Q: 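Mind looking over this structure? Questions follow.
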Amino acid sequence: MSGQRVFDQPFFDDIAVGDQIPTLTVTVDETQLFFFSAATYNAHRIHYDKQWAREVEGYDDVLVHGPLQAALLARAIGDWIGGRGRLVSFSVQNRAVAHPGEALSFGGEVTAKRLDDNGFGGFGGFGDYGLVDLAIAGRRGATVLMPGTATVALPRRGTAP
C-alpha cells in the first residue's frame, strides 16, 4: 500500500460541483488479505486459500474483501477532507470481484453542496460547516467494483479550528 498522503485542508467555500477528490491507488497483496482476514475474524478461505478459491468457489484467484475495499474508499475520502473535515454518511455496494496484484483506485466526485444551518453534529457553531455530497467508487481500470455515495462536512473558510 502507498504511504501517508498529505493534502491541504479543503474548505467548503472552495469546493465546486464536479470537483474530483484525489484518487488513492492501491495494489493489495496476499499478505494484506491474510492479515485483514485475521483482523476482522473472517475465516472464509476465499480470501487466503488459492486452491479453495479455484476448486470450491470457482474463482481464478483469492478475492480482495469487500470491506477492505470499502475501508480503502473511506481512506481516500478521509485523506481528502483533512483533520477538520468529518465523514457524515457513507454507503457502498460491492458489485464486482478484485484479486490481489491488481491496481485498484478509489475516489469520487462532488455532486452537490449546501450550507449547514444546524451546526452539523456539534462540529462547530452555526454555519461553521458546509455539507458536500459525493458520488464515490472503487475501480479496477474502467470496471466499477464498488459504487456508492458519501456526505462530508467541511469547515467554512475563516472559521476557528
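What you are looking at is a predicted structure, and each value in this text was computed from that prediction instead of being measured.
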Q: Which residues pass the side-chain hydrogen bond (donor to acceptor under 3.5 Å, both in side chains) test with Glu30, sequence neighbours left out?
A: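 Glu30 satisfies side-chain hydrogen bond (donor to acceptor under 3.5 Å, both in side chains) with Lys50 once adjacent residues are dropped.
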Q: Would you check if Ser105 and Thr25 make a side-chain contact, meaning some heavy-atom pair closer than 4.5 Å?
A: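 Answer yes - side chains close enough.
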Q: In chain order, what residues pass the ring-ring contact (aromatic ring centres under 6.0 Å, His included) check against His65, with sequence neighbours excluded?
A: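 Expected list: Phe36, His47.
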Q: Taking all atoms of both residues into account, what is the closest heavy-atom pair of Arg84 and Tyr129, and its distance?
A: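 The answer is O-OH, 3.0 Å.
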Q: Just to verify, which of Leu131, Leu134, Thr111, Val132 counts as forming a side chain to side chain contact (heavy atoms under 4.5 Å, CB included) with Thr151?
A: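 It is Leu131, the one option of Leu131, Leu134, Thr111, Val132 that forms the side chain to side chain contact (heavy atoms under 4.5 Å, CB included) with Thr151.
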Q: Does any non-hydrogen side-chain atom of Val28 lie less than 4.5 Å from one of Leu33?
A: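 Leu33 vs Val28: side chains touch.
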Q: If the test is salt bridge (charged side-chain N to carboxylate O under 4.0 Å, His left out), which one of Asp14, Asp13, Asp128 qualifies with Arg156?
A: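 Testing each of Asp14, Asp13, Asp128 against Arg156, the sole residue satisfying salt bridge (charged side-chain N to carboxylate O under 4.0 Å, His left out) is Asp13.
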Q: In the structure I gave you, are the side-chain heavy atoms of Val62 and Phe34 within less than 4.5 Å of one another anywhere?
A: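 In short, these two side chains do not touch, never coming nearer than 4.5 Å.
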Q: Do Leu115 and Ile81 belong together in a cluster built from hydrophobic side chains that touch within less than 4.5 Å?
A: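 In one cluster: yes.
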Q: Which heavy atom in Ile15 sits nearest to a heavy atom in Pro10, and how many Å separate them?
A: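 Closest pair (atom of Ile15, atom of Pro10, distance): CD1-CB, 4.2 Å.
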Q: Side chains of Val64 and Gln32: closer than 4.5 Å at any heavy-atom pair?
A: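 Result no, sub-4.5 Å side-chain heavy-atom pair not found.
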Q: Are Leu24 and Val152 linked, directly or through intermediate hydrophobic residues, by side-chain heavy-atom contacts shorter than 4.5 Å (ILVMFWY only)?
A: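 Yes.
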Q: Supply the atom-to-atom distance Arg95 CZ to Thr143 OG1, rounded to the nearest 0.5 angstrom.
A: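 That separation rounds to 13.0 Å.
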Q: Are Phe90 and Val110 joined in one hydrophobic group, where the rule is that I, L, V, M, F, W and Y side chains link up if heavy atoms are under 4.5 Å apart?
A: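 Yes, because Phe90 and Val110 connect within a single hydrophobic cluster, where side-chain heavy atoms sit under 4.5 Å apart.
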Q: Yes or no on side-chain contact (heavy atoms from CB on, under 4.5 Å) for Leu104 and Leu72, after CA distance, side-chain angles and deciding distance?
A: CA-CA 10 Å; Leu104 306 178; Leu72 291 167; 5.5 Å; no
Q: Does some side-chain heavy atom of Asp79 sit less than 4.5 Å from a side-chain heavy atom of Phe106?
A: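 Heavy-atom side-chain distance check fails, nothing below 4.5 Å.
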Q: Asn42 vs Ser37, test: side-chain hydrogen bond (donor to acceptor under 3.5 Å, both in side chains). Steps then yes/no.
A: CA-CA 5 Å; Asn42 182 342; Ser37 288; 5.1 Å; no
Q: In the single-linkage hydrophobic clustering (I, L, V, M, F, W, Y; side-chain heavy atoms under 4.5 Å), do Leu87 and Phe12 co-cluster?
A: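 The answer is yes; both residues are in one hydrophobic cluster.
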Q: Does any non-hydrogen side-chain atom of His44 lie less than 4.5 Å from one of Leu63?
A: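 The answer is no, as the side chains (C-beta and beyond) never meet within the 4.5 Å cut-off.
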